[in-house]
Amino acid sequence: MERTLSSRERVRQRPEFLRIQQQGVRVRGRHLTLFVLPNDLEVTRLGIIATRRLGGATSRNRSKRVIREIFRLNKGEHEGFSLDIVVLPRPGFSEKTFDILQADYLNTLRRYARSQ
(Lines give C-alpha, C1' and ligand atoms only; values in the text may rest on other atoms or scores of the structure.)
Protein backbone atom coordinates (compact mmCIF):
# COMPACT_ATOMS: atom_id res chain seq x y z
CA MET A 1 0.00 0.00 0.00
CA GLU A 2 1.26 3.46 -0.84
CA ARG A 3 2.36 5.56 2.12
CA THR A 4 1.88 8.94 0.47
CA LEU A 5 -0.75 10.71 -1.60
CA SER A 6 0.17 11.35 -5.20
CA SER A 7 -0.08 14.85 -6.61
CA ARG A 8 -3.19 13.73 -8.51
CA GLU A 9 -4.88 12.98 -5.17
CA ARG A 10 -4.40 16.46 -3.73
CA VAL A 11 -6.28 19.71 -4.10
CA ARG A 12 -3.63 22.43 -4.06
CA GLN A 13 -4.78 25.57 -5.85
CA ARG A 14 -6.81 28.25 -4.08
CA PRO A 15 -9.38 28.53 -6.93
CA GLU A 16 -10.04 24.80 -6.61
CA PHE A 17 -10.59 25.11 -2.84
CA LEU A 18 -12.98 28.02 -3.38
CA ARG A 19 -14.92 26.17 -6.11
CA ILE A 20 -15.32 23.09 -3.91
CA GLN A 21 -16.45 25.18 -0.94
CA GLN A 22 -18.93 27.23 -2.97
CA GLN A 23 -20.37 24.55 -5.26
CA GLY A 24 -19.93 21.45 -3.13
CA VAL A 25 -22.14 19.92 -0.47
CA ARG A 26 -21.20 20.76 3.11
CA VAL A 27 -21.58 17.88 5.56
CA ARG A 28 -20.81 18.55 9.20
CA GLY A 29 -19.43 15.93 11.49
CA ARG A 30 -18.72 16.15 15.19
CA HIS A 31 -15.03 17.02 14.79
CA LEU A 32 -14.74 18.06 11.13
CA THR A 33 -16.66 19.49 8.21
CA LEU A 34 -16.45 18.02 4.71
CA PHE A 35 -17.03 19.92 1.49
CA VAL A 36 -17.68 17.34 -1.22
CA LEU A 37 -18.00 17.94 -4.95
CA PRO A 38 -18.02 15.28 -7.70
CA ASN A 39 -15.20 15.70 -10.22
CA ASP A 40 -14.52 14.47 -13.76
CA LEU A 41 -11.21 12.85 -12.85
CA GLU A 42 -10.53 9.17 -12.23
CA VAL A 43 -9.39 9.76 -8.66
CA THR A 44 -10.76 11.22 -5.45
CA ARG A 45 -8.77 14.24 -4.30
CA LEU A 46 -8.19 15.63 -0.81
CA GLY A 47 -7.76 19.20 0.34
CA ILE A 48 -7.28 20.36 3.93
CA ILE A 49 -8.01 23.74 5.46
CA ALA A 50 -6.25 24.02 8.82
CA THR A 51 -6.95 27.47 10.20
CA ARG A 52 -5.35 29.14 13.21
CA ARG A 53 -8.49 28.40 15.19
CA LEU A 54 -7.03 24.90 15.64
CA GLY A 55 -4.06 26.27 17.55
CA GLY A 56 -0.40 26.73 16.83
CA ALA A 57 1.60 25.39 13.91
CA THR A 58 2.32 22.10 15.68
CA SER A 59 -1.36 21.40 16.24
CA ARG A 60 -2.30 22.39 12.68
CA ASN A 61 0.42 20.21 11.15
CA ARG A 62 -0.55 17.23 13.31
CA SER A 63 -4.18 17.67 12.26
CA LYS A 64 -3.19 17.68 8.58
CA ARG A 65 -1.08 14.53 8.99
CA VAL A 66 -3.96 12.75 10.73
CA ILE A 67 -6.45 13.75 8.01
CA ARG A 68 -4.12 12.58 5.23
CA GLU A 69 -3.63 9.24 6.99
CA ILE A 70 -7.37 8.77 7.48
CA PHE A 71 -7.95 9.55 3.80
CA ARG A 72 -5.17 7.18 2.70
CA LEU A 73 -6.38 4.30 4.88
CA ASN A 74 -9.96 4.65 3.67
CA LYS A 75 -9.48 5.02 -0.07
CA GLY A 76 -11.77 2.01 -0.53
CA GLU A 77 -14.68 4.08 0.79
CA HIS A 78 -14.26 6.40 -2.21
CA GLU A 79 -14.30 3.67 -4.87
CA GLY A 80 -17.00 4.15 -7.46
CA PHE A 81 -16.87 7.89 -6.89
CA SER A 82 -14.62 10.62 -8.22
CA LEU A 83 -14.85 13.31 -5.60
CA ASP A 84 -13.06 16.41 -4.47
CA ILE A 85 -13.11 16.42 -0.67
CA VAL A 86 -12.02 19.41 1.40
CA VAL A 87 -11.72 18.75 5.13
CA LEU A 88 -12.07 21.55 7.66
CA PRO A 89 -11.14 20.28 11.14
CA ARG A 90 -13.01 21.93 13.99
CA PRO A 91 -11.41 23.34 17.16
CA GLY A 92 -10.43 20.51 19.50
CA PHE A 93 -9.72 18.16 16.58
CA SER A 94 -6.12 17.49 17.57
CA GLU A 95 -7.14 16.48 21.10
CA LYS A 96 -9.18 13.48 19.94
CA THR A 97 -7.83 9.98 19.32
CA PHE A 98 -7.19 8.69 15.83
CA ASP A 99 -9.99 6.11 16.07
CA ILE A 100 -12.57 8.72 17.04
CA LEU A 101 -11.50 11.00 14.20
CA GLN A 102 -11.51 8.18 11.66
CA ALA A 103 -15.01 7.09 12.72
CA ASP A 104 -16.24 10.68 12.45
CA TYR A 105 -14.74 11.05 8.94
CA LEU A 106 -16.32 7.79 7.76
CA ASN A 107 -19.73 8.59 9.27
CA THR A 108 -19.69 12.05 7.70
CA LEU A 109 -18.68 10.65 4.31
CA ARG A 110 -21.44 8.01 4.50
CA ARG A 111 -23.99 10.71 5.31
CA TYR A 112 -22.94 12.49 2.13
CA ALA A 113 -23.23 9.26 0.10
CA ARG A 114 -26.75 8.59 1.46
CA SER A 115 -27.88 12.09 0.54
CA GLN A 116 -26.85 11.61 -3.12
Nearest non-hydrogen partners of Ile20 and Leu37, listed with the distance: CA-CD2, 4.1 Å
Partner residues of Glu42 under the side chain to side chain contact (heavy atoms under 4.5 Å, CB included) criterion, sequence neighbours left out: Arg8
Spacing of Arg45 atom CZ and Leu5 atom CG [to the nearest 0.5 Å]: 12.5 Å
Working for side-chain contact (heavy atoms from CB on, under 4.5 Å), residues Arg62 and Thr58: CA-CA 6 Å; Arg62 179 186 180 274; Thr58 305; 5.7 Å; no
Value rounded to 0.5 Å, distance of CG in Asp99 from CG in Asp104: 12.5 Å
Residue pairs, two or more places apart or on separate chains, that pass side chain to side chain donor-acceptor pair (under 3.5 Å) and touch residues 27-40: Asn39-Asp84
Spatial distance of atom CG (Leu54) from atom CG (Asn61) [nearest 0.5 Å]: 10.5 Å
Distance (rounded to the nearest 0.5 Å) between Lys64 NZ and Ile49 CD1: 11.5 Å
All side chain to side chain donor-acceptor pair (under 3.5 Å) counterparts of Gln21, not counting sequence neighbours: none
4.5 Å side-chain heavy-atom contact, Thr4 and Arg72: no
Heavy-atom closest contact (Tyr105 atom, Ile85 atom, distance): OH-CD1, 3.8 Å
Hphob cluster co-occupancy, Leu83 + Leu73, side-chain heavy atoms under 4.5 angstrom: yes
Hydrophobic cluster identity match, Phe35 and Leu106, side-chain contacts under 4.5 Å: no
Pairing residues for Arg110 by the salt bridge (charged side-chain N to carboxylate O under 4.0 Å, His left out) criterion, not counting sequence neighbours: Glu77
Pairs under 3.5 angstrom only: tabulate donor-acceptor contacts from the side chains of residues 87-97 to other protein residues two or more places apart or in another chain.
from: Arg90; atom 1: NH1; to: Gly29; atom 2: O; distance (Å): 2.7
from: Ser94; atom 1: OG; to: Ser59; atom 2: OG; distance (Å): 3.0
from: Thr97; atom 1: OG1; to: Ile100; atom 2: N; distance (Å): 3.4

Sequence neighbours excluded, every pair satisfying ring-ring contact (aromatic ring centres under 6.0 Å, His included) that has a member inside residues 36-60: none
Gap separating the CG atom of Leu32 from the OG atom of Ser63, nearest 0.5 angstrom: 10.5 Å
Value rounded to 0.5 Å, distance of CG in Leu101 from CD1 in Ile67: 8.0 Å
Which residues share a side chain to side chain donor-acceptor pair (under 3.5 Å) with Asn74, sequence neighbours left out: Gln102
Check against side-chain contact (heavy atoms from CB on, under 4.5 Å), Leu46 and Thr44: CA-CA 7 Å; Leu46 174 69; Thr44 295; over 6 Å; no
Residue pairs fulfilling ring-ring contact (aromatic ring centres under 6.0 Å, His included) with at least one residue in residues 45-72, sequence neighbours excluded: Phe71-His78
Stepwise salt bridge (Lys or Arg N to Asp or Glu O under 4.0 Å) test for Glu9 and Lys75: CA-CA 11 Å; Glu9 295 176 308; Lys75 285 184 184 179; 2.9 Å; yes
side-chain contact (heavy atoms from CB on, under 4.5 Å) assessment of Phe98 paired with Glu69: CA-CA 10 Å; Phe98 183 83; Glu69 183 67 7; 4.0 Å; yes
Any residue meeting side chain to side chain contact (heavy atoms under 4.5 Å, CB included) with Ser115, in chain and number order, not counting sequence neighbours: Tyr112
